[in-house]
Amino acid sequence: HLSIRRQRQMCIRDRYETVYDSTYEVYKRAKIFDSKAIDYFKKVEITYFDSTNIDNIKARTIKSDGTIIELERSDIFETRSIKHRYFSTWVKTFALPNLEVGDIVEYQYQKTTRNLPSKIHYIQDQYPIQHYRLRVGATMMEFLSYNMPPHSPEKGEKFYTLNSYNIPAKREEPFTAPRIYTEQCFISQFPTYYSYSNDPVKFFKKWERELFADSKHKFIQTQLLKEKALELTQEATSNLEKLQRIYEFCQNEITNPYSSESGLTLREAQKLSDNKNAKQTLSRGYGSRRDKETLFGSLAKSAGIETQYARCYNQSQLMYDESYLTHYMFPDSLVASQLEDGTWLFLDPGDPHMPFASLDWENAWGKAIIGSKQFIAPLDTQANKPREHGIQRTGDLTLSSDGELSGTIRLQYEGLKGVAIKRALSTESEQARIDFVEEDIKHLIPNAKVSELSIEHANDAKGPFTVNCIIHAPLFADKLENRL
């Protein structure tokens, strides 16, 4: 049970319970103190995947004179917000009836998931909590706590019970460490070989063997794949050159039907058949992110380059610490290929925008596990080169005698700078992209007038996100007597 007080706005009481079949019972009670609280509660949305059921929704408004207004079942609406080949996202929505300042609102529902995954339980919320109670039903669980007072869940006959008291509200600030280090939370998970282990060698060895088996099964070498690998790499003189040619082929010539770059609607993409192996991905010319990784690995192997699936540490989620080993520490999938000197190069061929040999900042200069029969200590991923990830601005400009700047400019957003922009604008219209670029230019030259603007490589990885345009900036320079 949680008893929560927020200055001016609301008083809330929550309860969360988790049992063996991964069922959450959520109950909230609040008093409305002002119009801001009315806005907060006037529309309740519960989002869930199709592997989850939301049941037993009940809600009511208690007026200041004691009158109770119950929520009618007919006022609960369900819509599908995302439809994907592999999953759907649903939303159940209801409005608490006749809300006014001084009312008390209550609602509750049951959330049941068909599988019990490992889970991070974040305890802090936007309001202070007097008492948090969680029950997890299982015969054997492991718990890792972060930023919490020194206590552990109590193990009973059927449940683990966690009680925490006087929890402050969380503080949301820009550029903070991962959430798991700034808020009170803990991880509950079954003790599989992906879970916490006091023996790092055992932990890594079991995971590496599974990655090795997966690579051996998926990275096939058929005659078709060997011929394609030879065609792509016949003029290359090193493994690095071979890998780059294979990488760019998978990235540019194999379409992900679910990406905005494919030009397909969701309905059209869903009509396409799934690829069972790398040969089908190559023959059909399309595939998912995982399909691209598998095709890249198969072509690299066919070219004689040792290649394995890899799992990479993500700096935005969890810091690397061998004293707290958990599968959350290596959430991202990459492909690792070995160069002639024995070093491993980590690549992300499934990303439609990532330049060759570059990685997202979350994965660069971090730790990764690769597939191997024998134990290999976690390897360091390569660092990104700063000079390859900036903005190059060039121009042919004239400054007139009255201080007007005019001419053509060219902006090249290279490396991760370009990747970030391409991702942000991937689903936007051409006009929205132009508006974004104009704002970026006016941030540098506030009074600039932009014309004849064109954008190159907005939807592909064949080059950096590039802008060409003509600018006119009156009064760019101040005229003082005969000087500018």
Side-chain angles (χ1 to χ4, degrees), residues 174-175 240-241 244-245 247-248 251-252 259-261 315-316 345-349 351-366 381-484:
F175 308 112
L240 189 65
E241 286 186 47
Q244 182 169 1
R245 297 186 181 199
Y247 183 94
E248 291 174 352
Q251 193 176 57
N252 298 323
S259 68
S260 59
E261 294 81 6
Q315 301 178 70
S316 69
L345 184 68
F346 293 87
L347 301 166
D348 192 1
D351 190 304
H353 307 303
M354 187 60 62
F356 174 73
S358 295
L359 296 173
D360 274 315
W361 73 266
E362 297 96 328
N363 303 136
W365 210 8
T381 59
Q382 67 268 17
N384 292 321
K385 298 177 181 178
R387 291 188 178 183
E388 296 178 359
H389 302 273
I391 303 174
Q392 287 199 18
R393 303 181 179 95
T394 57
D396 182 5
L397 300 165
T398 301
L399 185 62
S400 67
S401 58
D402 60 357
E404 181 182 53
L405 184 72
S406 61
T408 60
I409 62 172
R410 180 178 178 87
L411 309 177
Q412 288 183 299
Y413 299 79
E414 299 182 328
L416 295 184
K417 286 283 188 180
V419 170
I421 292 177
K422 289 179 182 182
R423 287 173 178 169
L425 301 179
S426 63
T427 59
E428 299 293 338
S429 65
E430 183 67 22
Q431 186 57 49
R433 293 170 181 165
I434 291 174
D435 292 342
F436 171 85
V437 172
E438 287 184 352
E439 287 298 317
D440 197 37
I441 294 173
K442 290 179 180 179
H443 178 72
L444 296 171
I445 309 174
N447 61 339
K449 296 179 180 179
V450 181
S451 61
E452 298 185 31
L453 190 149
S454 64
I455 299 175
E456 301 171 10
H457 307 300
N459 280 330
D460 61 57
K462 296 179 180 179
F465 186 92
T466 303
V467 177
N468 295 286
C469 66
I470 297 174
I471 65 165
H472 295 275
L475 304 178
F476 177 79
D478 293 327
K479 187 173 182 180
L480 183 62
E481 295 181 352
N482 59 350
R483 293 183 296 140
L484 286 177

Do the non-hydrogen side-chain atoms of I455 and F436 ever get within less than 4.5 Å of each other? no

For the backbone of W365 and the side chain of T381, can you confirm whether one donor and one acceptor N or O come within less than 3.5 Å of each other? yes

Write down the atom of S358, the atom of N384, and the distance for their closest heavy-atom approach. CA-OD1, 3.5 Å

Let me confirm one number: the CD1-OG1 distance from I471 to T408, rounded to the nearest 0.5 Å. 9.0 Å

Decide yes or no on side-chain contact (heavy atoms from CB on, under 4.5 Å) for I441 and I409, but give the supporting numbers first. CA-CA 10 Å; I441 294 173; I409 62 172; 4.1 Å; yes

Just to verify, what does R393 make a side-chain hydrogen bond (donor to acceptor under 3.5 Å, both in side chains) with, not counting sequence neighbours? none

What are the two closest heavy atoms between P355 and V419, and how far apart are they? CD-CG2, 3.6 Å

Shortest non-hydrogen pair, F476 vs N447, comes out as N-ND2, 4.3 Å

Taking only Lys NZ, Arg NE, NH1 and NH2, and the carboxylate oxygens of Asp or Glu, determine whether K449 and E404 approach each other closer than 4.0 Å. no

For E362, is there any backbone N or O sitting under 3.5 Å from a side-chain donor or acceptor partner on S316? no

Do other residues, nucleotides or ligands put more than 12 heavy atoms under 6.0 Å from E452 CD? no

For the NZ atom of K417 and the CD1 atom of I391, what is their distance to the nearest 0.5 Å? 5.0 Å

Flag the pair D351 and R423 as a salt bridge only when some basic side-chain nitrogen lies within less than 4.0 angstrom of an acidic carboxylate oxygen. yes

Side chains of V437 and V450, heavy atoms from C-beta outward: is any pair under 4.5 Å? no

Determine whether a donor-acceptor pair (N or O, by modelled atom type, separation under 3.5 Å) exists between the side chain of Q382 and the backbone of A357. yes

Heavy atoms only: give me the nearest H389-L416 pair and the separation to one decimal. ND1-N, 2.8 Å

Enumerate the side chain to side chain donor-acceptor pair (under 3.5 Å) contacts for residues 470-482, please, sequence neighbours excluded, ordered by first and then second residue. none

How many angstroms lie between atom OG of S429 and atom CD1 of I434, to the nearest 0.5 angstrom? 8.5 Å

Sequence neighbours excluded, which residues qualify as ring-ring contact (aromatic ring centres under 6.0 Å, His included) partners of F356? Y247

Between atom CZ of R410 and atom CG of D396, what is the distance when rounded to the nearest 0.5 Å? 13.5 Å

Kindly give the heavy-atom pair with the smallest separation between D460 and H353, and that separation in Å. O-ND1, 4.5 Å

L453 side chain near V467 side chain, heavy-atom distance below 4.5 Å: yes

Over all heavy atoms of both residues, which pair between N459 and S426 is shortest? Give the atoms and the distance, please. OD1-O, 4.2 Å

Start with the C-alpha distance between F346 and N363, add both sets of side-chain angles, then the distance that settles side-chain contact (heavy atoms from CB on, under 4.5 Å), and finish with yes or no. CA-CA 9 Å; F346 293 87; N363 303 136; over 6 Å; no

Any side-chain heavy atom of Q412 sitting closer than 4.5 Å to one from H457? no

Working to the nearest 0.5 Å, report the span between CG of D435 and CG of D440. 12.5 Å

Does CH2 belonging to W361 count more than 12 external heavy atoms closer than 6.0 Å? yes

Rounded to the nearest 0.5 Å, what separation is found between the CD atom of E456 and the NZ atom of K462? 13.0 Å

